[in-house]
Each structure stands twice: as structure tokens, then as C-alpha cells.
Amino acid sequence: MLYGGIKLPGCPDFENVRKLDLLPMPALMEMMKYGFAIDRDHMHVIGDKLAVEMAELKLEICSYIPESKLEEFIAKSNLDDDSAMNVDSNQQLCELLFNTLNIGHGRELKRTKSGTHISTGRRQLEKLRIDHPVIGKVLNYRECAKLKNTYADNLPSMAVLHPAGRNCNICGLHHHADTYRIHTQILSTRTATGRYASKDPNLQNIPIRSLLGAAIRAGFVATPGCVLLSVDYSQIELRMLAFVACVKKLIEVFLHNGDPHTVTAMEAFGITEAQVNADKIRYRNPSKNVNFAVVFGETALGLFEQLVADSYGKAGIPVPEWLTLEWCEEFLRKWFDIYTEVREYMELQAYRSYRYGMVWDMVGRIRLVPEVKSVHKRIVAAGLRQAGNMPIQGLASELIKLAIAEIQEFVITEVRSQGIHCIPLLTVHDEVIYEIDESWGGVIKEIVEGIMGNVLIDKDTGEDYCTVPIKAEGKIMQRWEK
DNA sequence: TTAGAACGCGCG
DNA sequence: AAAGCGCGCGTTCTAA
């Protein structure tokens, strides 16, 4: 027995899955009930800064409208202020970029799904960045608008006051100070893969990747006297791919605690570690991209597009001469030769999709894939990608569920029973967050890391169900991700 | 006037 | 021809 009667490995097994879905429920209930504290003033300050930035960018963007066209644009603008156009409207943006400024003239520009307009998505605009200064402004404006509308303005208004004092009427706890807390809803039976979803508000997509985004995340704070403990699995999907598909070379890399991206580059190009590090853009970045995206069923063209966008976007440099579609095709071929079991794994999932109409992950959760019987190649291809991805994403989601349940058991029997404050706040796919009495954060961090890393080791026999070591790393913070 | 589609984008 | 998995949400646009 692994935990509470959960068996591994498996085939479709509803009883097993039902048990696994129920075990983490007490912890999820607490996450929703206690909420995650936010610093409303911090959010307001960011919101004000973004408003200023947006107004400036909007003026700069509108200044590119030629005098002769100005009236035409003003007539089409749907805003009641005196601005010449609405940058949030892709139609008006298309008019400016492609019909007025003729950016990308003569080049093949990708159209939107419905085919009615040229796509103004970030990946497309990145390619046009060096053609005209307005593109950069639009992208900056978009980032500001997203952060302001979705986060800076909305989150403070959704926060609920937990007043200082005993027996809080919201959560029942004793609070030493007023806090404003966000209560999300966690949906445990929503996704096709077994992951959780979060809504009203969604706390699983709080920004972090950009500098401005990180500032938003820093608005999530620990209650005074407490710290936040965030523990996340490292490279969890790549590890699960190695495990599920029995990928010899990948398993070895993880057993030796190596860096899979560097090793992939060394193997694919037949070079040394020093050579990989000497030209990371050429060797390590593509390897990292494929290691990450192969579980999504990325194609050579997808890889090519991504690397081109990275080149223009992040590095701000033209596409290197070696970066061609053919190069990407060749690299992908080499990748599958090195990790040849992945090819076999994908074929097995395809077979199961056709034969049984479904695929399943290692604990027995199923996903139906009727798409593979479609007459449309595009639909079939999408179904096959989903079939290949689900057991990987699924198993990764089962790990964190087991961990959440096990940590909760520890929290209740060993921590709170000693009068130490420790509550679960949130889980974000491969990460769990707790709020802990500040003097106990360090101790509990070590224990939680251990529980998460050993979640596939049998508690009675010590047998490891997993052929790949699993690692979890924790951080202690006053503010989320800082 | 309004519900839903389309588009774009935040996260893992 | 299309070309990357899983979500939720804000704004604009469209059809009724």
C-alpha cells in the first residue's frame, strides 16, 4: 500500500481514483476557508503606476497615426474619451499596423483562427518588433493592461476583511491584526488531466515571469507573525515522462542529479559541457525547449516558431543563420533517437486511444479521446497530443495530491497539536503554499520537502515505486516569491 | 440590451 | 492546411 490504499501502477480504476480525489479534500477546504492575505495598498500603488504608464504608451501609439488618417481613426474609435483609437481593440490595431503603417508588407502574416483578421498575438508581433517602434509600445501596453485589469484592480476588491480578535467570523481563527484575504474556489473535478482548477479569482495564474508581474505577486503576503512556505517539485513533468516511458538516458541523468538540458545538448550535438555553455543560445536553449515541450507534442515548426520568437523577443537579435526549419526537424529527430523510448510511449498512447477510446495514467484516472476517430487530420493530431500528454500531466497531478494529503496529516498530528500555527493556503499544480508561525518555518520546510520527495516510496516496505528520484525544494518568504 | 464567440494572455 | 498540453478571465465584437 502506498497511501490510504492507493495502488500503483494501474490501469483504469475508478475506486482508486475516487480515494485519491477525496484524500486532499480537508486541505483544499482549508485553503478556500482561510484565504490568502494580500497587501491592498501595494496593489493600489501598482495599479496607479500602470495607469500612468498605459496613458503614456497610448499617446505614443496614437502619435504614429498620420495626420491625414486621424479623423478616420477617431471616427472608428469606440472610446468616449478623446483618444484617436482603442489599443485594446485588435481590429483598430490591425488597421493601424497593417493597413496604415504597412508593417510586414509583402510578408506572409498569420491570420486569426477565424481568418477574418491578421493575428496581433504576442508571438506574431515579436517577429515584427524590429520593423517598427510602435510594435514594442503595443506589447508594453498589452502587458500593463493585462496586469492592471486582471490583477491590480480586481484582487483588492475581492479581498475579504478578517478582523483582529478571537473567533474570526469568516474563518474562526484568532487574528492578531486585520488582514484582507482572497478566498478562491478550488475545483477538483474540472480538468481532463486530474489537475485542480482555481476560480473567482483564479490564484493559479498570478504573475511572476516579468518584473512587473513579480511585483503583483509580491502583493500576496504572510499574516503578521507568520512566514509563507512554498515548496515545489523540480522538473516534475520531465521526471514523470522518464518514469512512465522508461527513458533510460533520462532516468540516468536524474539519478546522477545532472542537468537534463545540458545533457540533451551534449548528446544531440556530440559536444562537451563547456561547448554547450559557450553558446547557450544555439545548444542549451533549443534542448531546454524540446525537453519542456515534447510532452505537449511540439512539432518542428512549433519549435522553429518558438526559437524565432525568443530570438527577436528576449534577445532582440535577428534570427541566427543556423536557425532554420530543417535544423529544427533534424534536432527533433536526434532528440527522439537519444530518448527513443519516448517514441514508443507515444505510439502506445496512440494505440490505446484507437483501441479503447481512452488513455489512463498510472493511478487509473482516465481521459476519453474521441478526437482520434475524427475524419479531420487536425482533430486527430490534437487528440493524439492530448493522449500522449495526459498520463504525464495526470501523474504529476496525482503526486501533489498524495503530498497534500500526507502533509495535512503531519500538520494536524504533529504541528497544530503543539499549538503551532500552520495552514495550507494554495496549490499551483506542482507547488504547495503554507502559512506558518515564523519561528517554525525552517523546521517545517525540511519536513515538507521530505514528504513531497518521498511520496512514491512505500511507507511500510521502503520500496520506491518510481524509477526516477523526485525532488522538492522549499522557500521561506514574507511575500510570495520574494 | 445582452449572451456568447473571438481574441489574447496570465500561470504551471 | 495546420503546426503546443492544461486551465480562467478581461475586453471587444457580433448576432439575436
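Basis for what follows: all heavy atoms, side chains included, without hydrogens, waters or symmetry-related copies.
The separation of B/dG10 from C/dA3, taken at their C1' atoms, amounts to 23 Å, rounded to a whole angstrom. The same atom, P, is picked in B/dG8 and in C/dA2; the two are 15 Å apart, to the nearest Å.
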Exercise. Applying side-chain contact (heavy atoms from CB on, under 4.5 Å), run through A/Val247 and A/Tyr345 and close with a yes or a no.
Key: CA-CA 9 Å; A/Val247 188; A/Tyr345 161 79; over 6 Å; no
Practice problem: List the steps, then state whether side-chain contact (heavy atoms from CB on, under 4.5 Å) holds for A/Arg284 with A/Asp259. | Solution: CA-CA 10 Å; A/Arg284 193 170 183 279; A/Asp259 169 25; 3.0 Å; yes
Practice problem: Please step through side-chain contact (heavy atoms from CB on, under 4.5 Å) for the pair A/Ile423 and A/Met31, ending with a clear verdict. | Solution: CA-CA 8 Å; A/Ile423 53 176; A/Met31 293 175 187; over 6 Å; no
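Qualifying side chain to side chain donor-acceptor pair (under 3.5 Å) partners for A/Asp41, counting only residues two or more places apart in sequence or in other chains: none. For A/His429, there are no side chain to side chain donor-acceptor pair (under 3.5 Å) partners two or more places apart in sequence or in a different chain. Evaluation of the side-chain contact (heavy atoms from CB on, under 4.5 Å) rule for A/Glu143 yields A/Leu147, A/Ser210, A/Leu212 as partners, not counting sequence neighbours. Partners of A/Thr120 by side chain to side chain donor-acceptor pair (under 3.5 Å), not counting sequence neighbours, listed by chain and number: A/Asn90, A/Arg142. Listed by chain and residue number, A/Ser311, A/Trp322, A/Leu323 satisfy the side-chain contact (heavy atoms from CB on, under 4.5 Å) test with A/Pro320 (two or more places apart in sequence, or in another chain).
By the 6.0 Å contact criterion, CZ on A/Arg343 is enclosed, its count of non-hydrogen atoms from other residues, nucleotides or ligands being greater than 12.
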Under 3.5 Å, which donor-acceptor pairs link side chains of residues 94-105 of chain A to any protein atom two or more places apart or in another chain?
unit_1	atom_1	unit_2	atom_2	d
A/Glu95	OE1	A/Asn99	ND2	3.1
A/Thr100	OG1	A/Glu95	O	3.0

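Within residues 373-389 of chain A, the residues that place at least one heavy atom under 4.0 Å from DNA chain C are, in residue-number order, A/Arg378, A/Arg385, A/Gln386, A/Asn389. Residues from residues 95-111 of chain A placing a heavy atom under 4.0 Å of any atom in DNA chain B do not occur.
Aromatic ring pairs are classed by plane angle as parallel below 30°, tilted from 30° to 60° and perpendicular above 60°; the pair A/Phe296 and A/Phe292 is perpendicular.
Evaluation of the ring pair (Phe, Tyr, Trp, His ring centres under 6.0 Å) test over residues 107-128 of chain A, restricted to residues two or more places apart or in two chains, returns none.
Scanning DNA chain C 5' to 3' for nucleotides with an atom closer than 4.0 angstrom to a non-hydrogen atom of chain A gives a first and last hit of C/dA2 to C/dT14.
Residue contacts shown for A/Ala145 are absent, as no nucleic acid heavy atom lies under 4.0 Å away. Looking at heavy-atom distances under 4.0 Å, A/Ser397 makes no contact with the nucleic acid at all. Using a 4.0 Å heavy-atom cutoff across all strands shown, A/Asp200 reaches sugar-phosphate atoms only and no base atom.
Within the 3.5 Å criterion, the main-chain N or O of A/Pro469 finds a donor-acceptor partner in the side chain of A/Arg239. In this structure, the side chain of A/Lys148 does not engage the main chain of A/Met54 through any donor-acceptor pair within 3.5 Å.
No close placement of the A/Trp327 and A/Phe304 rings is indicated, their centers lying 6.0 Å or farther apart.
In DNA chain C, stems built from 3 or more consecutive Watson-Crick or G-U wobble pairs, each with both distances under 3.5 Å, span B:1-12 with C:5-16.
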Quiz prompt | Protein proximity profile, nucleotides 7-12 of chain B - base contact B, sugar-phosphate-only contact S, no contact -, cut-off 4.0 Å on heavy atoms | solution = SBBBBB
